[in-house]
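See structure below.
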There are 2 protein chains.
Amino acid sequence: MNLTLINKVNQPSDLKKLSIEEMEQLAAEIRTLLLKKVSQTGGHVGPNLGVVELTLAFHYVFDSPIDKIVWDVSHQSYSHKIVTGRKDAWLVEEQYKAVTGYTEPEESPHDFFTVGHTSTSVSLAVGMAKARDIKKQTGNIVAVLGDGSLSGGLALEGLNNAAELDSNLIVVLNDNEMSIAENYGGMYRNLAELRKNNGHASTNLFTALGMDYQYVEEGNSVAEMIVAFEAVKNSSRPIVLHIHTEKGHGYIPAVANKERFHWQMPFDLETGESKHTGSGESYDSVIIDVLDKKIKDEKQPIVAITAAIPGLFGLKELQKLHPEHYIDVGIAEQHSITYAAGLAKSGAKPIVFHSSTFLQRGYDQLSHDLGINDLPAVIIIKGGKISGGDPTHQGSFDISYITSIPNIIYLAPTSKEEVRSMLTWAIEQKEHPVAIRIPERGFVSAPIKEETFHPLEWHVEKQGKKVAVLATGGFLSLGEKTVENLKEHGIEATLINPRSFTYFESDLLNELQKNHQVVVTLEDGSLDGGYGEKISRYYGCSDMKVLNFGALKRFNHHQTMEELFTEFRLLPELITEDVLEALN
Amino acid sequence: MNLTLINKVNQPSDLKKLSIEEMEQLAAEIRTLLLKKVSQTGGHVGPNLGVVELTLAFHYVFDSPIDKIVWDVSHQSYSHKIVTGRKDAWLVEEQYKAVTGYTEPEESPHDFFTVGHTSTSVSLAVGMAKARDIKKQTGNIVAVLGDGSLSGGLALEGLNNAAELDSNLIVVLNDNEMSIAENYGGMYRNLAELRKNNGHASTNLFTALGMDYQYVEEGNSVAEMIVAFEAVKNSSRPIVLHIHTEKGHGYIPAVANKERFHWQMPFDLETGESKHTGSGESYDSVIIDVLDKKIKDEKQPIVAITAAIPGLFGLKELQKLHPEHYIDVGIAEQHSITYAAGLAKSGAKPIVFHSSTFLQRGYDQLSHDLGINDLPAVIIIKGGKISGGDPTHQGSFDISYITSIPNIIYLAPTSKEEVRSMLTWAIEQKEHPVAIRIPERGFVSAPIKEETFHPLEWHVEKQGKKVAVLATGGFLSLGEKTVENLKEHGIEATLINPRSFTYFESDLLNELQKNHQVVVTLEDGSLDGGYGEKISRYYGCSDMKVLNFGALKRFNHHQTMEELFTEFRLLPELITEDVLEALN
């Protein structure tokens with residue numbers, strides 16, 4: 001690997017000593033380096049390959065961090081990290097984990113925000129520009145926004161407000177013609193027309209929002225990007241610089257397969273083939289099987305909805321089977337929920353697929369549109385779990401934010417059989433919104449007698465006494481192990497699967513008071529506002545002792561699950577310790 | 001009052017028997033009727049006066065409820081209610097309260113959603129249109145959206161997705177050149193250009209989003225609106241019908257003073273003067289006084305931010321004093337928070353003013369942008385309280401949704417002195433985001449020794465034993481009355497003002513265990529996920545009994561506070577009853 005030039009670049013100012021030809025060579029070196037690491041570690045491939053030239057040109061023309069760049073999502077900031085003093089995290093295998101996959105102010109003065117959700121960069125940049133102006137400072141503020149993120153309402157709110165600035169702000173619209181998957185929405189016809197006619201079209205979304213506008217066709221040319229940035233540097237008006245790039249540029253498999261290479265597990269560099277292969281049956285396949293049957297029986301017109309993350313749920317399979325029953329609304333989490341409310345009101349059956357962390361953006365819509373109107377949409381949630389990775393992608397909060405909303409039933413299946421039964425029930429019922437939290441601690445099969453099954457009944461897995469463990473969702477197996485561990489200490493504990501976070505079987509709770517002294521709650525999420533606290537409140541005035549186990553209220557930063565589970569005492573032997581103390 | 005024609009209209013089909021001249025006369029009659037009631041009861045004035053003709057034309061041209069109209073916010077649906085069988089709620093004084101101020105499916109088959117937040121109508125209508133299509137039905141779906149609501153990201157997400165429909169959807173953009181207050185944002189320059197040139201402009205936001213487009217200048221002409229609706233009826237493509245109306249049309253004081261008459265307390269019909277006058281000192285004036293001083297001392301560049309509701313906080317006063325330190329971002333709650341994160345990161349001091357119910361829309365931004373980045377913005381929240389009115393405007397949920405987010409401090413002042421001290425402290429500290437919940441149960445002055453004051457210390461208002469009452473925010477006086485009531489039963493209870501919903505003084509909580517048996521928590525909000533549950537969890541393994549008082553988890557519908565407080569046992573004598581039972 002020829003890394004002649006990378007070796008010379010330790011900070012952005014080093015770029016300014018290079019010729020344009022050397023900059024193009026550096027881009028090639030960076031691309032090689034990016035691919036080498038990401039093929040081993042996994043990560044965002046396409047987004048990073050697409051913006052190498054943009055990044056180099058930015059740091060060549062501007063003076064970071066006096067001039068500030070705000071990356072949207074920031075999953076495309078690898079090149080930026082390489083040229084701002086963090087290249088060892090790509091050069092030195094032992095340091096691969098020294099930097100995160102997103103911008104991180106703790107790593108570098110060239111990073112301003114820890115971000116990971118889409119569509120935030122313009123609003124953040126408008127705030128920075130306003131602060132600069134009110135402090136009578138100078139400098140350029142540059143926001144980078146992908147075309148996929150542009151459909152997110154926050155980005156559009158930001159652009160509309162940006163246009164009110166009477167000062168410098170440069171929004172780089174990095175148009176690679178892709179969201180994570182394909183783009184969806186009318187605005188993409190306008191972008192296509194603009195790309196086709198070198199920035200000219202019958203209408204222009206950006207000028208319609210009040211922004212100035214320029215177009216750059218060759219977004220993967222360092223020379224062109226330098227010219228473009230020079231032209232807008234120190235502009236005294238907010239402007240959108242619409243640049244055309246290629247997602248995955250410079251790596252044939254990533255260009256050929258843009259969606260798969262958006263984020264990729266470790267892969268074979270030569271062929272592009274993933275080193276991980278699908279493992280047969282999964283919760284995804286169970287869900288798609290249920291939907292396939294329900295669509296075919298034609299009792300209700302089912303509409304499966306994703307907001308730009310079909311891959312997380314294997315929904316392309318459903319799209320193939322029933323294209324007219326599948327819709328990707330693009331990055332538009334709010335719309336996905338309100339749209340589902342409209343569908344449900346008119347007698348269709350929306351099934352909305354979300355990740356725990358991105359669904360946060362639909363909180364008001366869950367409450368105001370689905371909750372108040374009590375409409376029978378179904379929401380499937382993945383990634384709801386205590387997370388140790390990026391603070392921006394934690395799944396600890398959904399139990400709290402969903403269970404605080406009246407009328408929504410939040411189901412907690414523990415196995416494929418429960419996923420199947422609960423989804424079937426959720427589709428068939430027409431009374432309430434139902435959210436289903438797909439368990440995250442491995443694929444579990446646990447045959448149950450379907451005929452006796454109702455998701456709103458607690459299931460006593462094991463009848464015991466003295467101690468009762470309420471183990472929810474993916475933590476049922478932790479409950480099982482805890483009960484085994486307690487047995488070693490002479491306690492025959494009761495184990496209960498409550499099957500939901502919102503239904504409380506008060507007869508059973510009261511019954512427990514007869515011969516139980518301690519109730520333990522287990523939840524794969526944050527304790528504050530979560531499930532366990534509701535049980536604590538229930539028993540507040542009784543003699544029952546209650547121990548809530550879950551995550552402490554904080555954003556974790558790249559800790560292992562082992563560290564976290566030890567700290568949170570989410571291990572059978574630690575839970576047993578606490579139970580024994582409570583019994584004393 | 002001449003009501004010849006209104007008397008003939010009992011359902012939409014009756015309109016179809018009228019001539020255009022009679023329709024114009026009917027519009028005048030409706031306007032008279034609207035003004036008579038709203039001047040007595042208070043309500044939305046300007047929005048309703050502006051859409052009388054639009055409403056009549058809709059019901060003349062279309063066949064509701066087969067053709068469906070979805071009103072955004074639905075605060076402008078009074079005329080719609082009058083012509084869809086609910087006119088007695090305006091004609092008969094005793095029935096003034098028979099209908100709500102928003103669309104309400106329980107009232108009429110012509111209403112589809114209970115709504116009250118902005119920018120939802122397009123997404124709801126797209127969902128209805130998709131359901132119609134997948135069910136192979138026919139009929140028009142019409143969404144009405146105000147120009148003010150257009151800046152809300154949800155509306156833009158909805159339009160972008162609407163353009164993907166290959167079937168009928170008519171979005172009426174009701175452009176009265178106003179939000180609740182003035183419009184802010186670059187898109188309003190485009191709307192102005194379109195209005196000026198009868199729908200022609202160098203660019204067009206709606207076609208840029210992929211929608212077809214038509215313009216109607218005379219939105220307050222029944223005849224013109226009928227022609228316009230006839231032209232788009234049964235259109236097979238999604239289209240925006242941009243109509244120009246006048247907010248407050250037909251009532252001089254409302255036209256002259258559009259912001260004040262957006263929503264108005266009872267007023268003198270002849271002069272337009274409000275029957276209520278300001279009452280001098282208020283929490284608003286205290287807040288503005290603090291900001292005025294802090295802006296003048298120039299230690300931090302303060303930026304006060306509202307998302308279109310300056311009137312709720314009297315912010316026009318601040319705008320007059322310090323225009324460069326005030327910004328209205330328009331209806332864009334998400335942006336307001338992310339923008340504040342950008343400001344705080346760059347060393348400015350954002351103070352964002354929100355209502356409890358609308359801030360819901362910024363939940364993800366509170367978490368992802370402010371929370372994770374732990375930036376010292378200040379958020380002032382009003383309307384955080386148990387509410388009995390419209391389900392769409394309840395303030396019961398903010399304690400839960402804010403306290404579930406790590407890093408945000410949520411302060412609970414109980415008096416003007418605490419509002420002052422806490423706001424001052426929040427501005428001066430540079431460590432964390434701080435939200436302040438302005439108390440809602442009357443203006444309280446309670447001098448405290450400022451020099452000993454720190455908002456993150458619990459304040460023991462009265463030291464007692466056996467029972468401790470933790471009374472938060474606006475419920476401190478309920479706590480005081482409860483303690484008095486307990487005294488009548490021989491209990492000298494401890495009264496504590498915890499001053500925040502997020503800080504738990506564990507030394508004090510532990511200390512209480514020595515000579516207290518019951519802890520009572522009082523919160524002016526929903527119990528689920530709220531403050532009290534955290535105290536219950538804390539004492540879960542102790543002998544302390546805990547009683548949580550607050551609202552049950554539900555959306556209330558037009559109940560009185562008396563009814564609710566009795567049901568929720570939020571009265572001193574009922575709390576005492578429960579305490580006595582717990583002590584037994």
Side-chain angles (χ1 to χ4, degrees), chain A residues 113-114 117 120 123-124 126-128 131 134-135 151 153-154 156-158 160-161 163 185-187 189-190 203-205 207-210 301 329 332 334-335 338-339 342-343 345-346 348 360-361 363-364 368 372-373 391 400 404 406 528-529 533 536-537 540-541 545-546 548 553-555 582, chain B residues 112-114 117 120 123-124 126-128 131 134-135 151 153-154 156-158 160-161 163 185-187 189-190 203-205 207-210 301 329 332 334-335 338-339 342-343 346 348 360-361 363-364 368 372-373 391 400 404 406 528-529 533 536-537 540-541 545-546 548 553-555 582:
Chain A
F113 302 97
T114 308
H117 290 194
T120 69
S123 293
L124 291 170
V126 177
M128 296 178 102
I134 203 168
K135 292 164 81 178
S151 64
L154 176 58
L156 296 162
E157 290 182 0
N160 182 49
N161 195 237
M187 65 170 62
R189 297 202 287 272
N190 187 225
T203 184
N204 181 312
L205 178 61
T207 59
L209 288 167
V329 298
Q334 300 188 98
H335 170 72
T338 305
Y339 172 64
L343 279 158
K345 179 68 191 182
S346 286
Q360 286 182 184
R361 207 163 262 178
Y363 175 72
D364 177 59
H368 178 267
I372 291 175
N373 290 284
S400 168
S404 69
D528 281 67
E533 288 185 348
S536 291
R537 176 178 125 215
C541 238
K545 301 208 168 162
V546 184
N548 300 143
K553 178 180 158 184
R554 68 168 190 234
F555 299 107
Chain B
F112 302 97
F113 302 97
T114 307
H117 289 195
T120 68
S123 294
L124 292 170
V126 177
M128 295 177 102
I134 203 167
K135 292 163 81 177
S151 65
L154 176 58
L156 296 162
E157 289 182 1
N160 182 50
N161 194 237
M187 67 170 61
R189 298 201 286 273
N190 187 224
T203 183
N204 181 311
L205 177 60
T207 59
L209 288 167
V329 297
Q334 299 187 99
H335 170 72
T338 305
Y339 172 64
L343 280 159
S346 286
Q360 284 181 187
R361 207 163 263 177
Y363 175 73
D364 177 60
H368 178 267
I372 291 175
N373 290 283
S400 167
S404 70
D528 281 67
E533 287 185 348
S536 291
R537 177 178 124 212
C541 239
K545 300 209 167 160
V546 184
N548 300 143
K553 178 180 158 184
R554 69 167 190 234
F555 300 107

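Reminder, nothing fancy here: chain letters follow the sequence lines and each chain counts from 1.
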Does some side-chain heavy atom of [Y] sit less than 4.5 Å from a side-chain heavy atom of [X]?
X: D364(A); Y: H117(B); value: yes
X: L209(A); Y: N190(B); value: no
X: F113(B); Y: H368(A); value: no
X: N161(A); Y: S123(A); value: no

*asked:* Below 4.5 Å, heavy-atom pairs only: which of G342(A), P406(A), G540(A) has the largest tally toward chain B?
replied: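 With the most close heavy-atom pairs to chain B, the winner is P406(A).
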*Considering only heavy atoms and a distance below 4.5 Å, find which of N160(A), V329(A), T114(A) pairs most often with chain B.*
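Counting heavy-atom pairs under 4.5 Å, the top option is N160(A).
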_Euclidean distance, Y363(A) OH relative to S404(B) OG, rounded to 0.5 Å_ =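 If we round to the nearest 0.5 Å, S404(B):OG and Y363(A):OH are 7.5 Å apart.
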Portion of [X] that has a non-hydrogen atom of chain B nearer than 4.5 angstrom:
X: R189(A); value: side chain
X: N548(A); value: side chain
X: K553(A); value: both

_I'd like to know if the side chain of T203(A) pairs up with that of T203(B) as donor and acceptor (distance under 3.5 Å, no hydrogens or angles considered)._
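Side chains of T203(A) and T203(B): pair found under 3.5 Å.
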Under a 4.5 Å cutoff for heavy-atom pairs, which residue among [options] has the most contacts with chain A?
options: E157(B), K545(B), R361(B), R554(B); value: E157(B)
options: G185(B), G529(B), A163(B); value: G185(B)
options: S400(B), G210(B), G153(B), G127(B); value: G127(B)
options: I134(B), L156(B), I372(B); value: I372(B)
options: S536(B), S151(B), G158(B), P301(B); value: S536(B)

*Between K345(A) and N373(A), does a side-chain contact (heavy atoms from CB on, under 4.5 Å) hold up when you go through it step by step?*
CA-CA 9 Å; K345(A) 179 68 191 182; N373(A) 290 284; over 6 Å; no
